[in-house]
Amino acid sequence: MTETTQTETLGFQTEVKQLLQLMIHSLYSNKEIFLRELVSNAADAADKLRFEALTQPALLEGDNDLRVRVSFDADAHTVTIEDNGIGMSREEAIAHLGTIAKSGTGDFLRQLSGDQKKDSQLIGQFGVGFYSAFIVADQVDVYSRRAGAPAAEGVRWSSRGEGEFDIAAVEKAERGTRIVLHLKDGEHDFADGWRLRSILKKYSDHIGLPIQMPKEAAPAEGETEAPALEWETVNRASALWTRPRTEVTDAEYTEFYKHVAHDHSDPLAWSHNKVEGKLEYTSLLYVPGRAPFDLYHREAPKGLKLYVQRVFVMDQAEQFLPLYLRFIKGVVDSNDLSLNVSREILQSGPVIDSMKSALTKRSLDMLEKLSKDKPEQYATFWKEFGQVLKEGPAEDYNNREKVAGLLRFASTRGEGDAQTVSLADYLGRMAEGQDKIYYLTGESYTQVRNSPHLEVFRKKGIEVLLLTDRIDEWLMGYLTDFDGKRFVDIARGDLDLGALESEEDKQAQESAAKDKQALVERLKTALGDDVAEVRVSHRLTDSPAVLAIGEQDLGLQMRQILEASGQKVPDSKPVLEINPGHPLIAKLDAEADGERFDDLGRVLFDQAALAAGDSLKDPGAYVARLNKLLLELSA
Ligand code: ADP
Ligand code: MG
């Protein structure tokens, strides 16, 4: 290998520099993972070569025994990882080893606090990758040549992991990538056959590609020259998903997850299935343990790794799962698709459609099982991905009941604002005579928890779900019933508690309504166009008044979402309900002074809007009226 003299020095992208810092300082207790990452990349490179060689067999250059070799030099303190996969051109080396292409990386890294403990949590959300080499090495040399390119087009990438890297043209006869790690002082122990083997066994046994190391033969007696290097395979080298479930350990499933998902944290659950019959495929699906930093970025990677008859075909095949399950990671290996399948072909067709619906069901079943068998881990899942799952009922009408069963809510019987209550929990403790699922949406937990709408439910001991996530009102637009019970928004319409109200309750309401008929009419006149209606309430025990929204009108959350996206919000007016038993209402009823009646009526109305979390159209007028009334009080 001869090097040309021209070496160019380039700076790392700022994000790479930050990531390197984060990596070196946060993964010091788990240094050996560098080997897992580099072997994982070698396996990906072999997969890509096999795939490209399907249409261009010449890329194999007559050598189709793909493998990765790990060797070391204890005297020179180096560890070398060499593959004969796809390799990199000069441009690819600069782009892939000098920049991070993920969208949103900059924003993510700006969250770093400088507090090592906190920051090291963040690395799990990011993935580790190639740069982990710098955890143990203070210089990394990468020699690579892309398959099919002439030997003269080799490239050497070299860096000390500080601000920059050198790039030079080199002659490289063998296709693929060789990475030489110059171990830091204090890390020289890694240049040891036994150590490297045990790390490979621990992290990379599941890799489908043979991993080879030099055979450690004791020199034969009397022999002075070192014997020729012999390589032996040190891993199992069969694709993990092709093995029977019973023969794969949890540790192997976990390590395989890290390889396919490019994630550093452990998965919460997995589901491994072989399907035979009309369609034949194997799937291995995982629920990650934490949300990636770019979960909500449109271009964030999603989808499964697709293999066709064990040959890798593409990453991020998005067509096998709906969007609301975009956090699921894993592999699908089909016997029915053609090896030259493209993203366009994957768009639809009977094979894809039926695989998608089966894999969707498998994913939902896996989540259901997790929720039953490991509620604590399910709580972690819900915290990380619950918001995404809430997109389900709108996107996947057929599975909405199944998805609804997986949702978790805060409730008046829950533990504070924690979303822990399932619909099954709710149904299981419904009151006698209750046949509906009651819920209330709003801005924040504190606001809904203190809403006047809850008063009658508190009095009767009926549980109400408290929904305060931004998309909850939208979600409830798609959930009309669960297990035959209708959902009812308690802030809407004329609340009908059905059998939950006794005959006496109803009679008392009717007579109160009659009794306050005149007051209702006076209030209607005073409030004019601001209300759709005024009526006597049976929702209240403590508050004087409350606003109810029309059955078909947009609620506050939806109005705010539309406003924020610059859309016109249709006009709608609330209904003012008054509490016939409240002293303020009695006072209002007795008020003979027309002006004072108007002021008091307006204040009640504005207060009801405030309690609903809404803002006032004319806050100044409200304050002025209230102050006037306060002064009269003290006069
Ligand atoms: P990831 O594997 O998640 O893409 P890495 O940081 O591990 O991220 O690797 C960055 C990129 O560098 C890879 O996507 C690949 O394009 C390139 N790369 C790394 N190692 C190799 C290799 N051995 N052969 C070919 N390309 C490689
Ligand atoms: Mg990688």
Side-chain angles (χ1 to χ4, degrees), residues 12-13 15-20 22-24 27 33-53 59 66-70 79-103 105 109 123-135 137 140-149 153-159 161 165 167 172 174-181 203-204 207 209 211 255-265 288 292-294 299-303 305 312 314-316 329:
F12 281 122
Q13 186 194 21
E15 283 87 339
V16 174
K17 283 189 236 168
Q18 288 174 297
L19 186 66
L20 275 167
L22 176 60
M23 189 105 51
I24 293 165
L27 293 173
I33 54 123
F34 76 89
L35 196 54
R36 171 187 83 197
E37 295 299 323
L38 299 180
V39 167
S40 171
N41 286 349
D44 288 344
D47 271 348
K48 283 180 201 153
L49 175 61
R50 263 195 217 101
F51 176 64
E52 287 193 23
L59 291 181
L66 302 188
R67 40 70 187 158
V68 53
R69 287 179 169 167
V70 177
V79 172
T80 300
I81 295 104
E82 175 161 28
D83 67 63
N84 55 352
I86 192 74
M88 282 176 275
S89 66
R90 175 191 166 91
E91 289 68 35
E92 286 168 330
I94 294 174
H96 298 153
L97 308 182
T99 60
I100 302 171
K102 301 186 200 180
S103 59
T105 301
L109 290 169
I123 193 84
Q125 274 174 278
F126 200 84
V128 184
F130 169 79
Y131 300 109
S132 63
F134 290 99
I135 305 173
V140 176
D141 299 327
V142 178
Y143 302 87
S144 194
R145 172 170 69 76
R146 203 170 200 291
E153 287 183 17
V155 59
R156 192 195 67 199
W157 178 103
S158 180
S159 175
F165 59 91
I167 196 108
K172 189 173 185 295
E174 329 77 43
R175 155 197 87 217
T177 304
R178 177 166 67 248
I179 301 178
V180 182
L181 308 177
Y203 293 113
S204 306
I207 292 280
L209 188 71
I211 305 172
E255 284 309 323
F256 185 70
Y257 164 78
K258 294 179 183 177
H259 169 59
V260 284
H262 299 247
D263 186 6
H264 181 56
S265 353
F293 75 97
D294 55 1
E299 301 107 80
K302 48 184 158 290
K305 215 168 162 147
F312 167 80
M314 68 178 80
D315 273 316
Q316 299 171 34
K329 302 282 181 200

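Just so you know, ligand 1 is whichever comes first in the structure, and atom 1 is the first atom listed for that ligand. Counting from 1, the numbers follow the sequence of the chain as shown. Small disclaimer: the values here were computed from a predicted structure and weren't measured.
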message = Is Glu37 close enough to touch ligand 1? Criterion: a residue heavy atom under 4.0 Å from a ligand atom.
response =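 Flag not set, Glu37 not near ligand 1.
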key: Residue from Ile167, Val155, Val180, Thr177 passing side-chain contact (heavy atoms from CB on, under 4.5 Å) with Val142   = Thr177
task = State whether Glu153 and Arg145 are salt-bridged, where the test is any N-O pair (Lys NZ or Arg NE/NH1/NH2 against Asp/Glu carboxylate O) under 4.0 Å.
result =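 The answer is no: the pair does not qualify as a salt bridge.
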query = Taking the inter-plane angle between the rings of Phe12 and Phe165 on a 0 to 90° scale, is it parallel (under 30°), tilted (30 to 60°) or perpendicular (over 60°)?
reply =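 It falls in the tilted class, 30° to 60°.
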query = Parallel, tilted or perpendicular for Phe130 and Phe134, by the 30°/60° rule?
reply = perpendicular
query = Is the closest protein non-hydrogen atom to atom 2 (O) of ligand 1 under 4.0 Å?
reply =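 So far as the 4.0 Å threshold goes, atom 2 (O) of ligand 1 is in reach of a protein heavy atom.
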message = Any protein heavy atom at under 4.0 Å, with atom 19 (C) of ligand 1 as the reference point?
response = yes
query = Counting only heavy atoms, which portion of Ile179 has something under 4.0 Å from ligand 1: side chain, backbone, both, or neither?
reply = neither
query = Which is it for Leu38 and ligand 1 at heavy atoms under 4.0 Å: side chain, backbone, both or neither?
reply = neither
task = List in chain and number order the residues that pass ring-ring contact (aromatic ring centres under 6.0 Å, His included) with Phe293, two or more places apart in sequence or in another chain; answer none if no residue qualifies.
result = Phe108, Phe126
ask   = Who are the ring-ring contact (aromatic ring centres under 6.0 Å, His included) partners of Phe312, not counting sequence neighbours?
value =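 Phe312 satisfies ring-ring contact (aromatic ring centres under 6.0 Å, His included) with Tyr307 once adjacent residues are dropped.
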task = Under 4.0 Å from a heavy atom of Leu97: give me the atoms of ligand 1 that qualify, with their elements.
result =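 So the answer, numbered in order with elements, is 12 (O).
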Of the listed options Ile81, Val68, Thr177, Asn41, closest to atom 7 (O) of ligand 1 (non-hydrogen atoms) = Asn41
query = Of the listed options (Met88, His96, His259), which comes nearest to atom 10 (C) of ligand 1 when hydrogens are ignored and any heavy atom counts?
reply =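 Looking at heavy atoms only, His96 sits closest to atom 10 (C) of ligand 1.
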query = Rounded to the nearest 0.5 Å, how far apart are CD of Glu174 and CZ of Arg178?
reply =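 One gets 6.0 Å once the value is rounded to the nearest 0.5 Å.
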key: Shell of protein N/O/S atoms around the Mg ion (ligand 2), taken as anything under 2.8 Å   = Asn41 OD1
message = How far is atom 23 (N) of ligand 1 from the closest protein heavy atom, and which atom is that?
response = Asp83 OD2, 2.9 Å
request  = Tell me, please, which residues at least two apart from Lys302 pass side chain to side chain donor-acceptor pair (under 3.5 Å).
outcome  =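 Result, side chain to side chain donor-acceptor pair (under 3.5 Å) vs Lys302: none returned.
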ask   = Does the N or O separation between Asp44 and ligand 1 drop below 3.5 Å for any pair?
value = no
inquiry  = Is there a polar contact between ligand 1 and Phe130, counting only N or O atoms under 3.5 Å apart?
reply    = yes
